Amino acid sequence: MDYKILNTIESPQQLKKLNFSELNILCSEIRDCIIDTVSKNGGHLASNLGTVELTVALHRVFDCPKDSILFDVGHQSYTHKLLTGRFHSFNTLRSENGISGFTDPKESDYDAFISGHSSSAVSAAYGIYKAKKLNGENGTAVAVVGDGAMTGGMVFEAINNIGEDKAKFLIVLNDNEMSISQNVGSLARHLNKIRSKSSYHTFKDGLARFLNSIPLIGKWLHKLLFRSKTVLKNAIYHSNVFEGLGLNYLGPVDGHNLKDVINLLNIAKNQERPTILHVVTAKGKGYKFAEENAGKYHGVGPFDPQCGVDNALKRDYSSVAGETLCELADADKKICALTAAMSEGTGLNDFALRYPERFFDVGIAEQHAMTFAAGLAKGGLSPYFAVYSSFLQRAYDQIIHDVAIDSLPVKILVDRAGLVGEDGKTHHGLFDISFLTSIPNMTVYSPASFDELKEIIKKTAKYSTPVAVRYPRGKEINSDLFKFTDRNFDVFGADSDTVIVTFGRLSYFAYEASNENNVSFIKLNKLSASDSQLINTLFKFNKICFFEEGIRSGGISEQIASRLCENGFKGQVIINAIDNDFVSCATVDSQLKKYNLDKNAMLGVTK
């Protein structure tokens, strides 16, 4: 494509020289570039299309990298990347050795903070802002936060801290009425109420025209009134939650009107106290398919931009989990399902439609979700919390304190366990084994097929203790190979001195490698180092080769190896796992190969 203006942008400083006509052309080119690149590489589409003008305005008004702009979650930072010297490498988005789909300070000085999870930008930006002031540096920090992220309690912890300060600190609330799934809760209703108060804007605009028409002092009066409009707004809005927490509130403003956004950003920049600027945007702006179904176009794989994303339903581990919960709920009215703003991603959409009174979307609030589930369990219900592995990390304390200590029957469906490919460092599910298997009273299963996942979810419905069922992103590899056996582990292959030990997705590679090298293979269904039958079985081998799609330190392989050592095992133990590293963007196949977790690695180590 021919990008006449975008092709010339090497730094955001160049935006200050463009007129509004050129800026609008630039926004159009940015949208074209994002659609073209994401259609080839996959990525976050709707969120990025919705923040084009806002990001251009931010870089027009502020001076990066002297001023730090932090994008909460970071999945909407593609425009930011295009404006900060990465246009010519943008075609490598989310690819191995390419640029990340999120912000990363190791990638660019313009990326002020690592991102990937929600609700953290306000805390981080405020810390950066205070550090600048204490170090005597010029510049400020701005947090760009979505209304979905405002459902996370960490934002309000930060605002509670900031509200007492006299800092010239800015939060930009990007209000698109969605996180990934449709926003829910009282805050969403409050923002909708603010958006709908046209009386304030009508009155304000009329008053501005009147004041500006007064000779000599009119413009001065208008400026004075505009900067001290809290009393006026309170009379019409009856205040709002942000002003109640000590923030100066500006907006709402149309986030796709460059002039209006730039004007308000300039005003917000010079406020003498913490300010929140309320910007209303539309996810998917400028691309018909994404505008009509922003949720579907949140995160996409490669697609034909002329036709949109394939509408065919694809069966994967997430959908199987959702189907199974619906089956259970049909027969048992105590079955409940919970999500943290991820009903579509975790396969719970059908459950939400069929059993709305037993479906709970708590917003982006994993900590609350876990303790809420504990409360449901304490009340005699059977709650299943479906959550991505990398997001489950945020609820670690609640798992221990609120669920496990009292041994409450909360069932955690750990989606996206293991490597997740192109989403990179912040999204891999590599730590759940280490932290879940270390918790007393917790049982952890790792099915390798749709059939196993389905039957394990059904089996654990009657458990009176906490359970985690972890499964990977995407499809099963072979639907006929692994069927549910109701055993803690299964033994395959030849009677040999060497054995491959693994679980989950890697089981398919181990099955093939064990047959080709004529060695044994033990497939773990339940991840437990205290299984005496497993330990006794492993003592029959002289060479034990563990393969674990997770972090090595504290993983199940290390735990079992330690138990073997304690019991006097004298043979050879080899552990292949991800050792002391955060895994960068690449395909899952490439990641498995890099960390010696694929079939070829298994063949090599068992020769």
Side-chain angles (χ1 to χ4, degrees), residues 417-418 432-434 436-437 443-449 451-453 455-456 459 468-472 476-478 480-552 554-578 592 595-607:
D432 60 85
I433 296 172
S434 294
L436 287 172
T437 55
T443 302
V444 182
Y445 288 99
S446 187
S449 68
D451 183 70
E452 287 185 335
L453 173 61
E455 295 304 320
I456 287 171
K459 170 185 175 180
V469 185
R470 63 186 309 276
Y471 43 92
E476 62 183 348
I477 297 174
N478 184 330
D480 298 320
L481 191 54
F482 299 119
K483 300 296 183 181
F484 178 70
T485 63
D486 203 20
R487 290 188 289 265
N488 290 346
F489 64 93
D490 292 302
V491 183
F492 299 86
D495 184 11
S496 77
D497 288 338
T498 299
V499 63
I500 298 171
V501 183
T502 192
F503 52 89
R505 169 166 51 193
L506 302 190
S507 299
Y508 294 94
F509 308 138
Y511 184 86
E512 293 180 354
S514 66
N515 286 336
E516 291 184 30
N517 275 357
N518 204 30
V519 298
S520 298
F521 159 43
I522 290 179
K523 173 180 166 295
L524 303 178
N525 304 319
K526 179 181 177 181
L527 304 186
S528 172
S530 60
D531 186 335
S532 58
Q533 185 182 0
L534 173 63
I535 300 301
N536 291 336
T537 301
L538 288 171
F539 258 85
K540 299 175 183 179
F541 301 95
N542 292 323
K543 183 178 181 180
I544 303 173
C545 306
F546 290 99
F547 290 85
E548 181 166 353
E549 193 180 339
I551 204 74
R552 173 174 176 146
I556 193 64
S557 302
E558 277 198 350
Q559 294 178 47
I560 295 173
S562 176
R563 190 60 59 94
L564 287 167
C565 182
E566 290 172 1
N567 285 274
F569 181 72
K570 302 299 182 183
Q572 182 182 10
V573 175
I574 299 172
I575 297 177
N576 293 270
I578 295 168
L592 290 172
Y595 291 96
N596 297 315
L597 296 174
D598 62 357
K599 176 184 169 182
N600 287 335
M602 295 178 184
L603 288 171
V605 80
T606 56
K607 283 182 179 178

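Starting from 1, each residue takes its place in the sequence as its number. What you see is a predicted model; the values in this text were computed from it and never measured.
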Find the distance between [atom1] ([X]) and [atom2] ([Y]) and round it off to the nearest 0.5 Å.
| X | Y | atom1 | atom2 | answer |
| --- | --- | --- | --- | --- |
| F569 | I560 | CZ | CD1 | 12.0 Å |
| L506 | N576 | CG | CG | 10.0 Å |
| L481 | D451 | CG | CG | 11.5 Å |

Would the distance check show the side chain of D598 and the main-chain N or O of L592 forming a donor-acceptor pair, the cut-off being under 3.5 Å? no
Shortest non-hydrogen contact from [X] toward [Y]:
| X | Y | value |
| --- | --- | --- |
| F503 | S446 | CD1-OG, 3.4 Å |
| I456 | F484 | CG1-CE1, 3.8 Å |
| G555 | S434 | N-OG, 3.5 Å |
| F489 | T537 | CZ-OG1, 3.6 Å |
| F546 | S557 | CB-OG, 3.4 Å |
| D432 | A417 | OD2-CB, 4.1 Å |

Output every pair passing salt bridge (charged side-chain N to carboxylate O under 4.0 Å, His left out) with a member in residues 520-530, not counting sequence neighbours, ordered by first then second residue. E452-K523
Residue pairs, two or more places apart or on separate chains, that pass salt bridge (charged side-chain N to carboxylate O under 4.0 Å, His left out) and touch residues 529-550: R505-E549
Check whether any side-chain heavy atom of [X] sits under 4.5 Å from a side-chain heavy atom of [Y], and report yes or no.
| X | Y | value |
| --- | --- | --- |
| L534 | N488 | no |
| I433 | V444 | no |
| Y508 | S449 | yes |
| I522 | I544 | no |
| Y595 | R552 | no |

Could you work out, with side chain to side chain donor-acceptor pair (under 3.5 Å) as the rule, every residue matching Q559, not counting sequence neighbours? T437
Which pairs of donor and acceptor atoms, one on a side chain in residues 600-607, lie under 3.5 Å apart (sequence neighbours left out)?
from : atom 1 : to   : atom 2 : distance (Å)
T606 : OG1    : N517 : ND2    : 2.8
T606 : OG1    : M602 : O      : 2.6

Is it true that, when you exclude E566 itself, more than 12 heavy atoms of the residues, nucleotides or ligands shown sit nearer than 6.0 Å to its CD? yes
Using distance only, find each side-chain donor-acceptor pair of residues 495-502 under 3.5 Å and give its atom names and separation, not counting sequence neighbours.
from : atom 1 : to   : atom 2 : distance (Å)
S496 : OG     : T498 : N      : 3.2
S496 : OG     : T498 : O      : 2.7
S496 : OG     : S520 : N      : 3.3
T502 : OG1    : F547 : O      : 2.6

By ring pair (Phe, Tyr, Trp, His ring centres under 6.0 Å), F492 pairs with (sequence neighbours left out) F482, Y511, F521
